[in-house]
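Right, one structure below, let's go through it.
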2 protein chains.
Amino acid sequence: MLMEEKTNITEAEWEVMRVVWSLHQATSKEISGVLQTKKNWKEATVKTLIGRLVKKGMLNAKPDGKRYLYTATINETDSVNAVTNGLFDFICNKERGKTIANMISEATLSHDDIKLLEQTLAEKKKEAVDEVECNCAPGQCKCNSHRHGHHH
Amino acid sequence: MLMEEKTNITEAEWEVMRVVWSLHQATSKEISGVLQTKKNWKEATVKTLIGRLVKKGMLNAKPDGKRYLYTATINETDSVNAVTNGLFDFICNKERGKTIANMISEATLSHDDIKLLEQTLAEKKKEAVDEVECNCAPGQCKCNSHRHGHHH
DNA sequence: TTTTTTCGTTTACATATGTAAACTTAACTC
DNA sequence: GAGTTAAGTTTACATATGTAAACGAAAAAA
């Protein structure tokens, strides 16, 4: 359901996006207020970031008198998922399970979260495979080291 | 178990690290070979990346005649976990469960992976909380929007 | 021992990013 | 209507990153 477009948002820009996602619609002033408090950024800094986000098409600027009302053109959940899934481009497919397991153990989860994960996992179980295919370039993962031999 | 040190490895550098992790020990030539194939990078490019990684202390260069044998000073699994967990600095704690659920549904998992995740989850279940605390700065997450009121 | 090859080190350079100040213009205040 | 605000737009500038070519020294080859 999520589009795989290159969501190129930098860390600093992400801070701005979060404010907009949170407020649904925000003025530069409001965004600056939040980030002045959280990051101690000057108004000018936030203005620059907003400008870049508008240029990148991540924020929409609706005129409202002399100023603009900013809204996000991308959904927060989708963006988060895009980023998290993008992460796996840098990891061997075989490692995903362990990596996700680590995230689970590191996280604080609610009973509801557990329930959701259990369901998701149960669902996934149906289509589990015997062995995940390594997707690494040869030489970038141990799987490729011993190719046409016996597996350990 | 993972140290939270600023593992500042860029995307390009990460490619190099993967080769070294894979080979355990590698020469510049070997690394170049892999990345010449995968990324079409010139030897000079790889040399630059190696140099930067050595300077950053992520690679160790052991002299071997006129050249060096490079080894990683950081463990791959730890690095992967550091990166993935670092991701959550940009997301509300309340969203972790859903985000992880999404990763699970997006991934291809083996029966063993499922088993591992089930265990991890079961373990986590013991310390599940009723409600995860929002950790966002005020104004960066809906949780903070309606503070001293009733929750929806 | 010249020549050539092989490594690593320096230098290069464009674009990206973090952080802002300066500038411009329209709106509000006196 | 002139001065002060409040917004957005331009310009600035250092450091980071992606990508390499140029350079220098040591090792291997001729």
Side-chain angles (χ1 to χ4, degrees), chain A residues 5-20 23 25-71 83 86 89-90 137 140, chain B residues 5-20 23 25-71 83 86 89-90 137 140:
Chain A
E5 10 76 16
K6 271 276 130 222
T7 306
N8 254 353
I9 301 177
T10 71
E11 273 187 40
E13 289 165 359
W14 187 266
E15 296 287 348
V16 173
M17 292 305 293
R18 287 185 74 179
V19 179
V20 179
L23 305 181
Q25 181 177 66
T27 62
S28 147
K29 167 74 58 173
E30 292 173 312
I31 301 172
S32 295
V34 173
L35 297 176
Q36 152 63 217
T37 301
K38 179 182 183 187
K39 311 284 293 187
N40 207 44
W41 284 342
K42 298 289 182 303
E43 247 188 331
T45 301
V46 177
K47 285 178 186 176
T48 299
L49 295 173
I50 290 174
R52 288 179 184 167
L53 283 167
V54 170
K55 183 181 303 177
K56 287 183 182 180
M58 315 309 286
L59 284 184
N60 180 274
K62 182 172 66 162
D64 174 55
K66 82 185 266 190
R67 64 188 184 175
Y68 290 118
L69 292 180
Y70 300 99
T71 49
V83 173
D89 292 345
F90 304 106
Q140 274 199 319
Chain B
E5 10 75 15
K6 271 275 129 221
T7 306
N8 255 353
I9 302 178
T10 72
E11 273 186 39
E13 289 164 1
W14 188 265
E15 297 286 349
V16 173
M17 292 305 293
R18 288 185 73 180
V19 179
V20 178
L23 305 180
Q25 180 176 67
T27 61
S28 148
K29 167 74 60 173
E30 293 173 312
I31 300 172
S32 295
V34 173
L35 296 176
Q36 151 64 216
T37 301
K38 179 181 183 187
K39 310 285 292 186
N40 208 44
W41 284 342
K42 299 288 182 305
E43 248 189 326
T45 301
V46 177
K47 285 178 185 176
T48 299
L49 295 173
I50 291 175
R52 289 178 184 168
L53 283 167
V54 170
K55 183 181 302 176
K56 288 183 181 179
M58 315 309 285
L59 284 184
N60 180 274
K62 182 172 68 163
D64 174 55
K66 83 183 269 191
R67 63 187 184 173
Y68 290 119
L69 292 180
Y70 300 99
T71 49
V83 173
D89 291 346
F90 304 106
Q140 274 199 319

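Since the model is a prediction, treat every value here as computed from it, not as a measurement. Residue numbers begin at 1 in each chain, while the letters A, B, ... track the order of the sequences.
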Between protein and nucleic acid, restricted to nucleotides 12-14 of chain C and to nitrogen or oxygen atoms under 3.5 Å apart, what atom pairs and distances do you find?
none

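- With rounding to whole Å, W14(B) atom CH2 is found 13 Å from dG18(D) atom P.
- A close approach under 4.0 Å does not occur between any side-chain nitrogen or oxygen of K56(B) and OP1 or OP2 of dA16(D).
- In this structure, the CD1 atom of I50(A) is 13 Å from the C1' atom of dT9(D), given to the nearest Å.
- Taking T48(A) as the reference, R52(A) meet the side chain to side chain contact (heavy atoms under 4.5 Å, CB included) condition, with sequence neighbours excluded.
- Considering only residues two or more places apart in sequence or on other chains, T27(B) meets the side chain to side chain contact (heavy atoms under 4.5 Å, CB included) condition with K29(B), E30(B), R67(B), L69(B).
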List the steps and the verdict of side-chain contact (heavy atoms from CB on, under 4.5 Å) for V16(B) and Y70(B). CA-CA 11 Å; V16(B) 173; Y70(B) 300 99; over 6 Å; no
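- Between the side chains of E43(A) and Q36(A), no donor-acceptor pair is found at a separation under 3.5 Å.
- Comparing atom distances between the S28(A) side chain and each of dT19(C), dG8(D), dT19(D) picks out dG8(D) as nearest.
- Within the 3.5 Å criterion, the main-chain N or O of N8(B) finds a donor-acceptor partner in the side chain of K56(B).
- Looking only at distances, no side-chain donor or acceptor of K47(B) sits under 3.5 Å from a matching main-chain atom of S28(B).
- Residues K38(A) and E15(A) meet the side-chain proximity criterion, which asks for heavy atoms closer than 4.5 Å.
- Residue contacts for T45(A): at a heavy-atom cut-off of 4.0 Å it reaches a base atom on one of the strands shown.
- In this structure, K55(A) reaches neither bases nor backbone, as no heavy-atom distance under 4.0 Å exists between it and the strands shown.
- Side chains of M17(A) and L59(A) form a contact here, defined as non-hydrogen atoms less than 4.5 Å apart.
- Looking at heavy-atom distances under 4.0 Å, T10(B) makes contact with sugar-phosphate atoms alone, never a base.
- Between Y70(B) and dC7(C) there is no side-chain N or O to OP1 or OP2 distance below 4.0 Å.
- The distance from atom NZ of K47(B) to atom C1' of dT10(C) is 12 Å, rounded to the nearest whole Å.
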Show the numbers, then the answer: is there a side-chain contact (heavy atoms from CB on, under 4.5 Å) between V83(A) and F90(B)? CA-CA 10 Å; V83(A) 173; F90(B) 304 106; over 6 Å; no
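- One atom, CG of L53(A), and another, P of dT9(D), lie 13 Å apart when rounded to the nearest Å.
- What separates NZ of K62(A) from P of dA7(D) is a distance of 17 Å, to the nearest Å.
- For the pair R67(B) CZ and dT5(C) C1', the interatomic distance rounds to 14 Å; values are reported in whole Å.
- Going from atom OG1 of T45(B) over to atom NZ of K39(B) covers 11.5 Å, rounded to the nearest 0.5 Å.
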Carefully, step by step, assess Q140(A) and V34(B) under the rule side-chain contact (heavy atoms from CB on, under 4.5 Å). CA-CA 8 Å; Q140(A) 274 199 319; V34(B) 173; 4.0 Å; yes
Go through it in stages, so that I can follow the logic: the residues are D89(B) and E11(A), the test is side-chain contact (heavy atoms from CB on, under 4.5 Å), and I'd like the CA-CA distance, side-chain angles, deciding distance and then a yes or no. CA-CA 10 Å; D89(B) 291 346; E11(A) 273 187 40; over 6 Å; no
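- What separates NZ of K29(B) from P of dT5(C) is a distance of 12 Å, to the nearest Å.
- Here the CG-CD1 distance, from L53(A) to I31(A), works out to 8.5 Å after rounding to the nearest 0.5 Å.
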Encode nucleotides 24-30 of chain D as B, S and - characters from 5' to 3', where the letter depends on protein heavy atoms closer than 4.0 Å: B to the base, S only to sugar-phosphate, - to neither. --BS---
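- Only W41(B), K42(B), listed by number, bring a heavy atom of residues 35-43 of chain B to less than 4.0 angstrom from any atom of DNA chain D.
- Rounded to whole Å, the distance from CD on E11(B) to P on dA16(D) is 17 Å.
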Would you list the protein and nucleotides 28-30 of chain C atom pairs, both N or O, that sit under 3.5 Å from each other?
none

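- Using a 4.5 Å cut-off on side-chain heavy atoms (C-beta onward), V54(A) and Y68(A) make no contact.
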